[in-house]
Amino acid sequence: LRMFQNNHPSTLISLPAGAECPTALEPLTAERRESLEMLVANYPKPQYWHDVLLLTRNERGLSDDQKLDILRLRLAVGDLKTDADYYDLAQMALLVGYPNEAKGVLDKGTTAKVLSGERAGRMVKMATDNSAKDAALQADLQGKAASDANAGLKLGMLLWSYGKYPEAETAVRNAMKGKLADPEAAKVALGHVLFSAGKKPDAVNAFNSVAKNSKWSSVARLWSIYAR
């Protein structure tokens with residue numbers, strides 16, 4: 001493994017913070033991704049995480065949920081540095097429908113002394129106001145979950161965003177028994193719930209169960225590495 005590291009110095013793959021993925025790196029080759037993933041798995045330095053997450057978020061055709069999941073991982077590994085980084089995650093969480101998660105992100109940005117001022121105040125108010133509607137949304141999703149697996153999955157992730165991990169796990173597992181629009185997304189959701197509940201081996205198994213030809217595959221692999 002040391003030989004691997006010496007043959008793949010970070011200077012060959014390191015990109016400036018905030019830089020876009022250059023055309024020389026497109027298409028993203030399997031060899032480059034494998035090299036980066038081996039680095040973060042065995043030498044989880046912040047720069048290696050930055051590099052692999054930068055490449056991942058520049059993949060084409062990512063859904064809003066997948067973009068959100070990459071931003072979540074950036075937060076987890078300490079790759080959010082600027083106010084724009086925190087606002088991007090908070091806004092994406094709001095867009096996808098998790099205002100309580102957005103509020104938590106804004107709180108962390110404020111605690112880290114990265115966020116302040118009028119814009120931060122407006123964002124917190126928006127997240128707080130939207131969170132006030134979640135009780136009604138939860139009740140609506142619970143009413144639909146028995147016959148609509150997609151509603152059940154949304155319910156599970158909504159509960160997860162409030163730290164209700166046992167209830168979230170039940171909702172996600174029940175949803176996975178039904179017909180889902182995106183079954184691979186449910187596996188990632190289950191991984192998040194299990195990881196947050198402290199069930200790391202089960203979370204890793206959930207992330208690793210994502211189909212390798214799925215658009216979720218690269219995101220799930222990185223979460224699997226982080227969850228180990």
Side-chain angles (χ1 to χ4, degrees), residues 1 4-5 8 13 27-46 48-79 89 92 96 98 101 149-150 152-161 163-228:
L1 190 55
F4 166 85
Q5 187 187 28
H8 295 75
I13 55 177
L28 182 59
T29 66
E31 181 181 357
R32 182 176 293 109
R33 175 171 292 284
E34 182 181 0
S35 298
L36 285 164
E37 290 179 2
M38 287 182 70
L39 281 171
V40 295
N42 294 284
Y43 303 93
K45 296 179 181 179
Y48 296 154
W49 273 113
H50 173 80
D51 290 341
V52 72
L53 287 166
L54 179 60
L55 292 175
T56 304
R57 71 180 188 263
N58 276 284
E59 285 188 32
R60 292 171 178 164
L62 294 172
S63 68
D64 288 339
D65 285 287
Q66 288 156 357
K67 292 175 184 176
L68 175 58
D69 238 30
I70 293 168
L71 285 163
R72 286 168 174 158
L73 188 50
R74 290 188 66 199
L75 175 65
V77 302
D79 193 48
L89 175 50
M92 188 59 69
V96 176
Y98 305 115
E101 180 181 5
N150 296 304
L153 180 58
K154 185 70 175 182
L155 171 64
M157 288 303 287
L158 183 65
L159 291 167
W160 170 75
S161 74
K164 299 178 179 180
Y165 305 135
E167 299 95 328
E169 181 179 350
T170 298
V172 172
R173 288 192 185 279
N174 286 340
M176 292 174 75
K177 298 174 185 176
K179 186 175 181 180
L180 288 163
D182 189 351
E184 305 309 311
K187 296 173 184 177
V188 175
L190 181 61
H192 283 308
V193 172
L194 293 169
F195 180 68
S196 296
K199 302 176 181 179
K200 291 186 178 182
D202 292 335
V204 170
N205 288 337
F207 290 129
N208 286 342
S209 71
V210 172
K212 288 180 171 46
N213 62 349
S214 165
K215 196 65 180 175
W216 279 101
S217 179
S218 58
V219 180
R221 280 199 309 274
L222 292 178
W223 270 106
S224 173
I225 290 170
Y226 177 72
R228 290 173 193 169

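When all heavy atoms are compared, the tightest approach of Gly191 to Ala203 is O-CB, 3.4 Å. Closest approach of Tyr48 and Tyr43 over heavy atoms only: CD1-O, 2.8 Å. A pairwise comparison of heavy atoms in Lys179 and Asn150 identifies O-ND2, 4.0 Å as the closest pair. Residues Ala186 and Val172 approach most closely at O-CG1, 3.8 Å, considering heavy atoms. Scanning all heavy atoms of the two residues, the minimum distance from Gly152 to Ala175 falls at C-CB, 3.8 Å. Across every non-hydrogen atom of Gly156 and Ala171, the tightest pair is CA-CB, 3.6 Å.
At distances below 3.5 Å, not a single donor-acceptor pair connects side-chain atoms of Asn208 with backbone N or O atoms of Ser224. A donor-acceptor contact shorter than 3.5 Å links the side chain of Ser196 to the backbone of His192. Judged purely by atom type and a 3.5 angstrom limit, Glu184 uses its side chain to pair as donor or acceptor with the backbone of Ala211.
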Leu222/Leu53 under side chain to side chain contact (heavy atoms under 4.5 Å, CB included): CA gap, chis, key distance, verdict:
CA-CA 9 Å; Leu222 292 178; Leu53 287 166; 4.0 Å; yes
Could you please spell out the steps behind the side-chain hydrogen bond (donor to acceptor under 3.5 Å, both in side chains) verdict for Trp216 and Asp69?
CA-CA 10 Å; Trp216 279 101; Asp69 238 30; over 6 Å; no
For Met92 and Tyr98, what are the C-alpha separation, side-chain angles and deciding distance, and is it a side chain to side chain contact (heavy atoms under 4.5 Å, CB included)?
CA-CA 9 Å; Met92 188 59 69; Tyr98 305 115; over 6 Å; no
Trace of the side chain to side chain contact (heavy atoms under 4.5 Å, CB included) decision for Ile225 with Trp49:
CA-CA 11 Å; Ile225 290 170; Trp49 273 113; 4.1 Å; yes
Let me see the working for Lys187 and Met176 under side chain to side chain contact (heavy atoms under 4.5 Å, CB included), right down to the final yes or no.
CA-CA 8 Å; Lys187 296 173 184 177; Met176 292 174 75; 4.0 Å; yes
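One distance of note links CD of Glu101 with CG of Leu75; it measures 8.5 Å at 0.5 Å rounding. Here the straight-line distance linking atom NZ of Lys154 with atom CG of Leu159 works out to 11.5 Å at 0.5 Å rounding. To the nearest 0.5 Å, the span separating CD on Gln66 from CG on Leu71 amounts to 12.5 Å. In this structure, CG in Leu55 is found 9.0 Å from NE2 in His50, a value given to the nearest 0.5 Å. Rounded to the nearest 0.5 angstrom, Ser218 OG and Leu62 CG are separated by 7.0 Å.
Put simply, the side chain of Val188 reaches to within 4.5 Å of the side chain of Val210, judged on heavy atoms. Residues Arg74 and Leu89 fail the side-chain proximity criterion, which asks for heavy atoms closer than 4.5 Å. For the pair Val77 and Val40, the minimum side-chain heavy-atom distance is 4.5 Å or more. Side-chain contact between Glu169 and Pro166 is absent, with no heavy atoms from C-beta onward closer than 4.5 Å. Within the 4.5 Å cutoff, no side-chain heavy atoms of Lys199 are placed close to those of Asn205. For the pair Arg33/Thr56, a side-chain contact is recorded, criterion being any heavy-atom separation below 4.5 Å from C-beta on.
Within a 6.0 Å sphere centred on NZ of Lys215, other residues, nucleotides and ligands contribute more than 12 heavy atoms.
Between Phe195 and Tyr226, a ring centre-to-centre spacing shorter than 6.0 Å is recorded.
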